[in-house]
Amino acid sequence: MKVKFGLAMSVIALVDIAAGLVLYDSIRGQRSDAAVINLAGAQRMLSQRMAKEALLGQQQVVGAEDGLRASVARFDRVLRGLAQGDAELGLEAAEDPEVQALLRQVGSTWSEYRPAVLRVAGQEQPDRMALAELLRDSKTILEQMDRTVKRFEGIARAKVQRMLILQLAAGGIGLAALGLVWGGLIRVL
C-alpha cells in the first residue's frame, strides 16, 4: 500500500512540476510577445510621424529634420529587430513564416519610402509628385505594419490559449491522481 501511495504522490508531484514549468515558460514568452507587439504597434504610427516631420521640415520648423532622422533610425532598428532580433530592445527573431513575409513586405516598401522621406525633408519646396509618393507609401507602410501587428497579436493569443489548455489538462490529471490516492486511502481505512 505504501508503494502505491508513494507512486500516486509521485505522479501528482510530477504533474504539478510539469504544470509549473509550462506556466513559467508561457509567462516568459508573454513578456517577449508584449515587447514585440508594443514595438510593432509603435512602428505603425512612426511612418505617419515621419511623413509629418518631413512635411514640417520643409517649413523650417526648428528640430524637425533632427527628429525625422531619429525617427528614420528608429524605424530602421525596430524593423530589423522584429525580423532578426534585438536583445537590447527585447526582441527575438521572427520565426513565423507569415510574419517573416509581412516584414519583408514592409522592408520592401520601406526601402522606397525611406529615401523619399529624407528627400522631401531636404527640399524647401518639394514637388507634388514627391509629396504624393511620400503620402502613398506612408499609408502603405501603415497598412502593412497593421497586418503585421495583427499577426503578432494572433500568435500571442494562440500561445495564451495553448497555455490555458495545458493548465486545465495538468489540473485535471492532478485531480484524477489525487482522487485515486484519496480513494485508495478510504479503502484502506
Side-chain angles (χ1 to χ4, degrees), residues 24-163:
Y24 172 78
D25 187 56
S26 296
I27 290 171
R28 189 177 54 82
Q30 291 299 309
R31 190 177 315 136
S32 175
D33 290 343
V36 166
I37 291 169
N38 183 37
L39 289 170
Q43 285 292 87
R44 286 188 293 201
M45 301 317 288
L46 193 52
S47 64
Q48 304 304 294
R49 178 178 167 185
M50 285 184 284
K52 178 182 169 187
E53 288 169 340
L55 295 171
L56 291 177
Q58 68 178 335
Q59 299 170 6
Q60 306 305 318
V61 173
V62 177
E65 194 163 334
D66 290 338
L68 175 64
R69 294 198 187 287
S71 294
V72 167
R74 178 70 177 180
F75 197 94
D76 281 337
R77 181 170 183 195
V78 172
L79 183 59
R80 190 173 40 258
L82 289 169
Q84 301 168 2
D86 184 320
E88 194 175 303
L89 292 175
L91 299 172
E92 296 177 8
E95 294 178 5
D96 181 69
E98 187 177 339
V99 167
Q100 291 172 347
L102 289 165
L103 290 171
R104 280 192 302 274
Q105 191 178 43
V106 172
S108 176
T109 304
W110 175 241
S111 69
E112 296 173 15
Y113 181 69
R114 186 183 196 279
V117 168
L118 295 172
R119 188 173 55 251
V120 168
Q123 299 174 349
E124 262 190 57
Q125 291 292 345
D127 61 79
R128 289 177 188 242
M129 196 162 160
L131 288 174
E133 180 182 328
L134 175 77
L135 295 174
R136 182 198 68 228
D137 288 348
S138 175
K139 181 178 183 258
T140 302
I141 286 180
L142 175 68
E143 291 167 347
Q144 290 171 342
M145 282 307 302
D146 190 54
R147 285 192 299 276
T148 305
V149 169
K150 287 179 181 171
R151 178 64 185 153
F152 279 129
E153 289 170 342
I155 291 168
R157 270 193 304 280
K159 286 179 184 177
V160 169
Q161 189 64 32
R162 279 192 301 274
M163 179 188 70

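Identified under the salt bridge (charged side-chain N to carboxylate O under 4.0 Å, His left out) test for residues 102-114, with sequence neighbours left out: Asp76-Arg114. Annotation: salt bridge (charged side-chain N to carboxylate O under 4.0 Å, His left out) contacts involving residues 129-138, sequence neighbours excluded, comprise Arg119-Glu133.
Applying the salt bridge (Lys or Arg N to Asp or Glu O under 4.0 Å) test to Glu143 and every residue at least two apart in sequence or in another chain returns Lys139. Listed by chain and residue number, nothing satisfies the salt bridge (Lys or Arg N to Asp or Glu O under 4.0 Å) test with Arg74 (two or more places apart in sequence, or in another chain). Considering only residues two or more places apart in sequence or on other chains, Glu95 meets the side-chain contact (heavy atoms from CB on, under 4.5 Å) condition with none of them. Asp96 meets the salt bridge (Lys or Arg N to Asp or Glu O under 4.0 Å) test with Arg151; sequence neighbours excluded.
Met145 places a side-chain heavy atom less than 4.5 Å from the side chain of Val106. Residues Tyr113 and Thr140 form no side-chain contact, since every pair of their non-hydrogen atoms from C-beta on lies 4.5 Å or further apart. Lys150 has its side chain within reach of Glu153: a pair of non-hydrogen atoms, C-beta onward, lies under 4.5 Å apart.
Note: Phe75 CZ to Arg49 CZ = 12.5 Å, rounded to the nearest 0.5 Å. Between Leu102 atom CG and Phe152 atom CZ the span is 8.5 Å, to the nearest 0.5 Å. Rounding to the nearest 0.5 Å places CE of Met45 at 13.0 Å from CD1 of Ile141. We find the CD-CD distance between Gln144 and Gln43 to be 12.0 Å, quoted to the nearest 0.5 Å. Taken from CZ in Arg77 to CG in Leu79, the straight-line distance is 13.0 Å, to the nearest 0.5 Å.
For the side-chain contact (heavy atoms from CB on, under 4.5 Å) with Val78, the qualifying choice from Leu46, Asp86, Leu89 is Leu89, the only one to do so.
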- Message: Applying side-chain contact (heavy atoms from CB on, under 4.5 Å) to Leu103 and Trp110, what does each step give before you reach the verdict?
- Response: CA-CA 10 Å; Leu103 290 171; Trp110 175 241; over 6 Å; no
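When atom types are taken as modelled, the side chain of Gln100 and the backbone of Ala94 share a donor-acceptor pair closer than 3.5 angstrom.
Residue Glu92 qualifies as open at atom CD: its count of foreign heavy atoms under 6.0 Å is 12 or below.
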